[in-house]
Undergrad: 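My structure is below; once you've seen it, I'll send some questions.
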Amino acid sequence: MRIIKTATYEEMSQRAAHIVAAHITLNPACVLGLATGSTPEGLYAELVRLHRLGDLDFRQVKTVNLDEYRHLPRNHPESYYTFMQKHLLSKINIDPANTHLPNGELADAQVACTEYETILRSTGGVDLQLLGIGRNGHIGFNEPDSVFPKDTHCVRLSESTIEANARFFSSADEVPREAYTMGVGTIMRAQRILLVASGKSKAEAVFQTVCGPVTPEVPASILQFHHDATIICDEEAGALLP
Ligand code: PGA
């Protein structure tokens with residue numbers, strides 16, 4: 001596992017964006033696995049800036065997102081579909097037909113998850129998977145558990161995640177209780193993984209991910225077994241690392 005510590009959130013975002021940009025430049029038809037949440041917002045803003053400078057061409061890029069809330073209409077302001085449009089996809093020259101998220105409007109979880117696995121397979125596999133990390137060590141919506149879930153599945157969000165995401169809704173009651181997410185196995189199949197972490201609320205999760213035992217109780221700890229995983233954290237998120 002490669003660890004890059006940066007002084008600030010801005011520096012973390014730039015370093016991460018430049019890794020993604022270099023990957024696109026070298027592999028113009030790559031498959032990017034994308035993440036939502038506050039942490040990657042700065043990274044996406046930097047990618048948009050590079051695109052507007054004429055330095056980054058998304059014409060052949062395909063994207064697959066990690067997760068989506070179940071039972072939230074696609075155009076809801078807090079759906080991950082809307083997030084991706086707002087922060088990246090509507091601002092770059094990507095073909096909308098090449099962008100994918102799990103379909104949160106599909107009530108039948110089995111159908112939604114099988115459909116997404118089929119889409120993932122049809123892309124040929126993720127080249128670079130971007131991840132955030134939850135305060136409880138979750139990746140995607142793979143919450144602490146007794147096993148590492150393999151494929152795309154439906155999850156019940158933990159109380160800690162509902163509380164963390166309540167800031168985006170008018171109250172915690174409004175936060176959807178379920179989501180569709182890539183499994184830990186799906187994530188681990190990516191050729192490269194780039195995890196970004198910012199702020200002191202992530203320090204313990206980052207420490208457990210890097211230095212703790214590999215356990216499904218800290219889903220991100222599985223990244224210790226990935227052959228090409230990089231963590232970029234700002235000073236606060238990396239504060240407990242040796
Ligand atoms: P955040 O979420 O970037 O909003 O902190 C990250 C995550 O929960 O994966």
Side-chain angles (χ1 to χ4, degrees), residues 6 8-17 20 32-47 64-70 72 77-84 86-88 101-102 104 126 129-145 148-149 152-153 155-169 172 174-184 186-188 190 193-210 216-223 229-239:
T6 64
T8 62
Y9 172 80
E10 288 70 27
E11 200 194 326
M12 179 208 78
S13 303
Q14 291 211 347
R15 293 287 289 270
V20 177
L32 296 180
L34 299 180
T36 48
S38 315
T39 315
E41 284 181 15
L43 183 173
Y44 291 145
E46 179 64 8
L47 290 181
V64 286
N65 263 77
L66 280 169
D67 44 20
E68 178 58 283
Y69 290 117
R70 185 180 184 208
L72 207 59
E78 296 306 334
S79 75
Y80 288 166
Y81 173 86
T82 302
F83 176 100
M84 289 313 306
K86 177 170 161 204
H87 292 283
L88 183 69
L101 291 93
V126 174
Q129 177 66 55
L130 188 62
L131 298 174
I133 185 168
R135 300 175 199 175
N136 59 7
H138 76 199
I139 44 177
F141 271 132
N142 293 280
E143 301 284 27
D145 201 342
F148 288 112
T152 302
H153 59 289
V155 285
R156 211 164 165 77
L157 305 191
S158 71
E159 283 309 315
S160 131
T161 299
I162 292 169
E163 187 196 311
N165 290 5
R167 67 191 194 278
F168 300 115
F169 292 82
E174 302 289 310
V175 182
R177 270 22 190 185
E178 292 179 316
Y180 298 132
T181 182
M182 283 187 195
V184 173
T186 329
I187 292 168
M188 288 293 279
I193 292 182
L194 181 60
L195 184 149
V196 285
S198 167
K200 56 177 184 289
S201 69
K202 304 294 175 68
E204 180 64 24
V206 169
F207 173 75
Q208 291 301 334
T209 296
V210 177
E217 282 162 29
V218 182
S221 64
I222 192 86
L223 299 181
T230 302
I231 296 184
I232 308 190
C233 53
D234 64 11
E235 191 142 343
E236 287 188 341

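All residue numbers refer to positions in the sequence shown, counting from 1. Every number for a ligand or one of its atoms is a count from 1 in the order of the listing.
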Undergrad: I'd like to know if E163 and R135 make a salt bridge, using a cut-off of under 4.0 Å between side-chain N and carboxylate O.
TA: yes
Undergrad: Got the closest protein heavy atom to atom 5 (O) of ligand 1, with its distance?
TA: K202 NZ, 2.6 Å
Undergrad: Less than 6.0 angstrom separating the ring centers of F141 and Y69, yes or no?
TA: yes
Undergrad: Which pair of heavy atoms, one from L157 and one from P176, lies closest together, and at what distance?
TA: CD1-O, 3.4 Å
Undergrad: Counting non-hydrogen protein atoms only, what is the nearest one to atom 3 (O) of ligand 1? Give residue, atom name and distance.
TA: T39 OG1, 2.4 Å
Undergrad: For atom 9 (O) of ligand 1, what is the closest protein heavy atom, and at what distance to 0.1 Å?
TA: H138 NE2, 3.4 Å
Undergrad: Please walk me through it: do L130 and Y44 pass side-chain contact (heavy atoms from CB on, under 4.5 Å)?
TA: CA-CA 11 Å; L130 188 62; Y44 291 145; 3.5 Å; yes
Undergrad: Decide whether an N or O pair under 3.5 Å exists between R167 and ligand 1.
TA: yes
Undergrad: Show which atoms of ligand 1 fall inside a sub-4.0 Å distance from at least one heavy-atom site of G132.
TA: 9 (O)
Undergrad: Do E143 and T161 pair up side chain to side chain, a donor and an acceptor below 3.5 Å, judged on atom types alone?
TA: yes
Undergrad: When you measure from atom 6 (C) of ligand 1 to every protein heavy atom, which one gives the shortest distance, and what is it?
TA: I133 O, 3.5 Å
